[in-house]
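Input: a single structure, listed below in C-alpha cells.
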Protein chains: 2
Amino acid sequence: MDVKTLCLGVLSRADASGYEIKKAFEEGPFRHFHQASFGSIYPALNALSAEGLVEVRALAQDKRPDKKIYSLAPKGRNALLAALMTNPAPDAVRSDFLFILSFAQYLPPARVEQLINARIAWYREMLTRMEGCTSEDPAGARFVRGIGIAVYRAAADYLESHRDELLAAIGDGDLQVAE
Amino acid sequence: MDVKTLCLGVLSRADASGYEIKKAFEEGPFRHFHQASFGSIYPALNALSAEGLVEVRALAQDKRPDKKIYSLAPKGRNALLAALMTNPAPDAVRSDFLFILSFAQYLPPARVEQLINARIAWYREMLTRMEGCTSEDPAGARFVRGIGIAVYRAAADYLESHRDELLAAIGDGDLQVAE
DNA sequence: GGTTGCATGTAAATGGTTACATGATTGT
DNA sequence: ACAATCATGTAACCATTTACATGCAACC
C-alpha cells in the first residue's frame, strides 16, 4: 500500500491539504500503523491530481502560500475501494525497543528499567488519548481504535507486571565489554 | 538499526551462515519485530567481515556451495553493545490490515469477516508456537516473547469478541462504487 | 515433472526519507 | 532571540527489496 493509496484513504474521511495529511500520519488515527513524510505526500498528491483521482482547489491565505485543499474525486473513491479489496501485505513491525530488550542480560539494569518505564509512560499516554476520543467515528475506525487500545493496554500491563522479574533476573552484573 | 547490527545480534546468540540468519528473520523470534532479506544480509556480512566485527570459516559441503559460518568477533560484540545503548528509534508498524479495516463500512461484510477470521487464525497459530517454546532462553528473550504473547492474545481476543458487533454495524449494505 | 529447501551472491529498481529552500506568525 | 507552527515543494541520498544467476537433492 503506497503513499498514494494512503492519501486517498485520508481524503475519504475529509478534504485536506498536504500539510494536514501529514498531520494525520503524525497525530491522527493512522499514526499507529502507517507513516508518510512531506517528501512522499506532495509528489503523491500531484500524481493523484494528474490522474484525476483527486481534485484541488487553492485557498488564498494572507502572508502564507496558498493552501491547496484536495478532495476525493469519484475515480479516486473507486481506486481506494479497489485497493481495499486486495489482500493486505503481512504486517511489518520494526521495533528497536524489542530488539534491544532481547539482549537485556548484556545491559545495565538501570538502562533496562529506564527503557521499560519510558515505554509504559508512552503507552499510558496513548491510551488516555485514545480512550478519551469520544467522536462518532465510522464503525471501521472505532473497531480499529478498539484493537489499538486492547493491544497497548496488554503491552503496558505486561511491562508493568514483569519489569521487576526481568530486572531481578539480569541482576546487577555490569555491562560486559569484552577486551 | 541497520541490517549489520541486526546480524550482530543474531550472531551473538549462535554462530550462523547468511542463510541461517535469514531464517532467524523469517521463523525465529526476531520475525515479529524486524526483517531482512538475502539482498541485504549477504552484503552486510561481507562488510562486517571486512571491518573485523565477525569471523568467517568456510564449511565444505558436497554438491553445494561452501557454507560460510560467521561468528561474532570481540570487536563485533562491542559494536553490538554500543548499538544496544543508543536510544531506540520509535517503533514503526505498517499494517495494511488495520488500514483496510478502518474503512470497513465501505466493504462487503463477507470480506471483512474473512479478513478478521484469517487474522485470528494467524494470531492463534503464532500463540501456540510461542507458548510451546519451552527453551531456556536468556532473560531478555523470554521477556520479549512474553510481550509478544500478551499482545497477540489481546489482539486475537478483541477481534473475536468484537467481530460480530462490527459486522452488525456495517449491515449488509453492498459495496458502494460511485459512478 | 514441479516445487521446496539448501546455499551464495549481484544488480537494478523501488520507494521512500532527509535535508534544503522560502518565509510569515506566534509563542517563550 | 529562538523555536515552533503553518505551508509547499524539490533533489539528493539511502537502505532495502526484487529479480536474476547458478545448481543439486529430496519430496510429492
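Throughout, a chain's letter reflects where its sequence line sits, starting with A, and its residues are numbered from 1. Everything numeric here is computed off the predicted structure, so don't read it as measured data.
- The nearest whole Å value for the distance from the OH atom in B:Y70 to the C1' atom in C:dT8 is 9 Å.
- Here C:dC6 presents its C1' atom at 8 Å from NZ of B:K23, a figure rounded to the nearest Å.
- Rounding to whole angstrom units, CZ of residue A:R94 and C1' of C:dT17 are separated by 13 Å.
- For the pair B:E20 CD and C:dG9 P, the computed distance is 13 Å after rounding to whole Å.
- A perpendicular orientation is assigned to the rings of B:H32 and B:W122, their planes being inclined by more than 60° (bins at 30° and 60°).
- Distance B:I41 CD1 to C:dG9 P: 12 Å, rounded to the nearest Å.
- At least one test fails for B:R57 against the ring of B:Y70: distance under 6.0 Å to the centre or angle within 45° of the axis.
- Using a cutoff of 4.0 Å between basic side-chain nitrogens and carboxylate oxygens, B:R145 and B:D137 are scored as salt-bridged.
- Taking the side chain of B:Y42 as heavy atoms from C-beta on, and the options C:dA7, C:dG16, C:dC6, the nearest nucleotide is C:dA7.
- Under a 3.5 Å cut-off, the side chain of B:T5 and the backbone N or O of B:M1 do not form any donor-acceptor pair.
- For the pair A:K22 NZ and D:dG9 P, the interatomic distance rounds to 15 Å; values are reported in whole Å.
- As a whole-Å value, the separation of B:L59 CG from C:dA7 C1' is 12 Å.
- Taking only side-chain atoms of A:N46, from C-beta outward, the nucleotide of C:dA7, D:dT10, D:dT8 with the closest atom is D:dT10.
- The side chain of B:S37 places an N or O atom within less than 4.0 Å of a non-bridging phosphate oxygen (OP1 or OP2) of D:dT17.
- Taking atom CD of A:E26 as the reference point, atom P of C:dT17 lies 11 Å away to the nearest angstrom.
- Listed candidates were C:dT10, D:dT16, D:dT8. Nearest to the side chain of B:S40 is D:dT16.
- Minimum atom distance to the side chain of A:V3 is reached by C:dG16, of the listed C:dG16, C:dT10, C:dG9.
- Of the candidates D:dT8, C:dG16, C:dT8, the closest approach to any side-chain atom of A:F38 belongs to D:dT8.
- Salt bridge present: B:E51 and B:K4 bring a charged side-chain N and a carboxylate O closer than 4.0 Å.
- Between A:Y19 and D:dC6 there is a side-chain N or O to OP1 or OP2 distance below 4.0 Å.
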